[in-house]
Amino acid sequence: MIFNLYFAPVQGHTDAAYRHFHSLVYGGEQIYFTPFIRLEKNDLRPRDLKDLNSELNKNTHLIPQIIFREAIELDELVNKMKENGEKEIDLNMGCPFPLQTGHGRGAATILNTDLAHHLVKTIESNPEITFSVKMRLGMVNPDEWKTLLPYLNEVKLSHLTLHPRVAKQQYGGEVNLEAFGEFLQESKNPVVYNGDLKYPSDLTAISEKFPQISGLMAARGILGRPSLFNEWREGQEWSREKRIDKMLEFHRLLFNHYSSILCGDSQIISKIQPFWEYAEEEIGRKAWKAIKKASNISKYQTAVAMI
């Protein structure tokens, strides 16, 4: 079985520029996803299409991720991805945020059997597209996946990613490894593990506990420690000095890019500050707090220099 590493998308963080420079600095072996693409007033949001079609994506293996709440929305998004020339599509059935689940999207689709039935037809009627699915155990009950999985077992997916929490947990509380193990046994498609992968040792622990998985997916772990996959591939943790040197190189390239396309301190600051949001442990609380407080480029650069 092919084993892949996947960089999950995070809204407001992993745009085309971030993905491009991450791949440039750390290598492009991992597979990237766009932040979820959805319909707005029955059409694609221009910013989503701009990100998907950016020239900066040329050095990455990028899969568009779509989010939907009903059959008509699913089919419209699939058709628009096909019109855009896409050959792979990831179906987001796991987003836990109330802004999406409250409208029936993301993890709220897990118990929607009408949608699941139609999803099977959509996948079967588009054999030229390689589909994957990202999901959670459920909205509230960790057994809710048992409603959706039989439908997904009817079709061929490149992989099925499971984050073993329920949506109401969002990213708090413990991951349910017992439920993940049961899911892994029941799935007829390759399964990818996602959730709480912060250190190389976490990736090792999961891959050893579940040797049948076909891959690992991380997001916040990579945002906080961009070298995470590199270290695991190499079989040893990098020194903090090496990690920070690479992270600052990555930051410099991204900062220079944003500075070249944005105008004024406030625009640049608002775009680059999220780079450090999950990196408090890596860079130290003093520098992290100073970066968050920086109100202009001069103060921001002084704060980054503290690292």
Side-chain angles (χ1 to χ4, degrees), residues 6-15 18-19 31-40 44-45 47-48 51-52 62-78 80-81 88-116 118-119 122-123 131-142 144-145 147-149 151-152 157-173 175-176 179-180 183 191-197 215-223 274 277-278:
Y6 301 90
F7 192 164
V10 180
Q11 291 281 343
H13 293 268
T14 58
D15 62 5
Y18 187 101
R19 299 188 301 263
I31 297 170
Y32 297 82
F33 297 83
T34 66
F36 59 70
I37 297 168
R38 65 178 176 86
L39 294 177
E40 191 173 82
L44 296 179
R45 295 183 296 180
R47 68 181 185 186
D48 291 343
D51 182 77
L52 177 60
L62 179 67
I63 301 175
Q65 183 183 97
I66 62 174
I67 194 168
F68 46 89
R69 66 181 174 189
E70 55 194 1
I72 191 170
E73 203 169 58
L74 168 64
D75 288 345
E76 184 68 17
L77 282 163
V78 168
K80 288 187 179 297
M81 291 299 99
E88 298 177 272
I89 300 175
D90 188 59
L91 308 177
N92 185 322
M93 304 182 77
C95 178
F97 296 119
L99 191 61
Q100 296 302 323
T101 58
H103 289 90
R105 299 186 180 92
T109 60
I110 292 172
L111 292 176
N112 187 337
T113 53
D114 289 339
L115 176 61
H118 185 82
L119 186 147
T122 298
I123 293 175
F131 287 92
S132 56
V133 172
K134 187 174 190 293
M135 61 181 286
R136 288 209 167 204
L137 293 173
M139 275 289 293
V140 177
N141 189 312
E144 290 173 12
W145 60 270
T147 298
L148 177 60
L149 188 61
Y151 291 95
L152 299 180
L157 302 170
S158 66
H159 65 274
L160 177 52
T161 301
L162 179 68
H163 183 127
R165 284 187 173 94
V166 295
K168 73 171 184 178
Q169 289 179 274
Q170 296 200 24
Y171 296 96
V175 290
N176 190 333
F180 181 85
F183 181 96
V191 175
V192 172
Y193 177 89
N194 171 232
D196 289 5
L197 299 176
L216 294 165
M217 177 182 286
R220 293 171 299 145
I222 302 177
L223 292 174
E277 183 174 341
Y278 295 95

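Given the structure is predicted, the values throughout are model-derived calculations rather than measurements.
- Annotation for P98 and Q170: closest pair CD-NE2, 3.5 Å, computed over non-hydrogen atoms.
- Side-chain contact between V140 and V166 is absent, with no heavy atoms from C-beta onward closer than 4.5 Å.
- In this structure, L74 CG and I123 CD1 are separated by 8.0 Å, a value rounded to the nearest 0.5 Å.
- The heavy-atom pair separating F180 from P164 by the smallest distance is CB-CB, 4.0 Å.
- When all heavy atoms are compared, the tightest approach of M81 to L44 is CE-CD1, 3.9 Å.
- Of all the heavy atoms in R136 and P96, the pair that sits closest is NH2-CG, 3.6 Å.
- Residue-environment remark: CZ (R45) exceeds the threshold of 12 foreign heavy atoms within 6.0 Å.
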- Mind running side chain to side chain contact (heavy atoms under 4.5 Å, CB included) on T113 and Y151 for me, showing each step along the way? CA-CA 9 Å; T113 53; Y151 291 95; 3.8 Å; yes
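- Under a cut-off of 6.0 angstrom, the local environment of NZ in K168 is sparse, with at most 12 non-hydrogen atoms contributed by other residues, nucleotides or ligands.
- Within the structure, side-chain hydrogen bond (donor to acceptor under 3.5 Å, both in side chains) pairs that include any residue of residues 101-111 comprise E73-R105 (at least two apart or interchain).
- In terms of the side-chain hydrogen bond (donor to acceptor under 3.5 Å, both in side chains) criterion, residue partners of E88 (sequence neighbours excluded) are, by chain and number, H61.
- Side-chain contact between D15 and P35: absent, with no pair of heavy atoms (C-beta onward) separated by less than 4.5 Å.
- At least one side-chain heavy atom of F68 sits under 4.5 Å from a side-chain heavy atom of L91.
- Minimum interatomic distance between I110 and M93 (heavy atoms only, all atoms of both residues): CG1-O, 3.6 Å.
- Interatomic distance, L223 CG to Y18 OH, rounded to the nearest 0.5 Å: 4.5 Å.
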- Item | Criterion side chain to side chain contact (heavy atoms under 4.5 Å, CB included) on N92 and R38, from CA distance to verdict | CA-CA 10 Å; N92 185 322; R38 65 178 176 86; over 6 Å; no
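- Note: L157 CG to D90 CG = 9.5 Å, rounded to the nearest 0.5 Å.
- Between D196 and R165 the shortest heavy-atom distance is OD2-NH2, 2.7 Å.
- Here F183 contributes atom CZ and Y193 contributes atom OH; the two are 13.0 Å apart, rounded to the nearest 0.5 Å.
- Each of L162, V192, T161, I67 was compared with K134 under the side-chain contact (heavy atoms from CB on, under 4.5 Å) criterion, and only T161 meets it.
- Taking 4.5 Å as the limit, every side-chain heavy atom of I63 sits out of range of all side-chain heavy atoms of T34.
- In this structure, CZ on F131 lies 4.5 Å from CD1 on I89, to the nearest 0.5 angstrom.
- You'll find the side chain of I66 stays beyond 4.5 Å of the side chain of K80, heavy atoms only.
- Note: L52 CG to L62 CG = 6.5 Å, rounded to the nearest 0.5 Å.
- Ionic pairing of R19 and D51 is present here: one or more N-O contacts between side-chain nitrogen and carboxylate oxygen are shorter than 4.0 angstrom.
- Taking the six-membered ring where tryptophan is involved, the planes of Y171 and F97 are tilted, since the angle between them lies from 30° to 60°.
- Ring orientation note: the planes of Y32 and F7 are tilted relative to one another, at an angle of 30° to 60°.
- Checking side-chain atoms of N194 against main-chain N and O of M217 turns up a donor-acceptor pair under 3.5 Å.
- Ring geometry, H13 versus Y278: the interplanar angle falls from 30° to 60°, so the pair is classed tilted.
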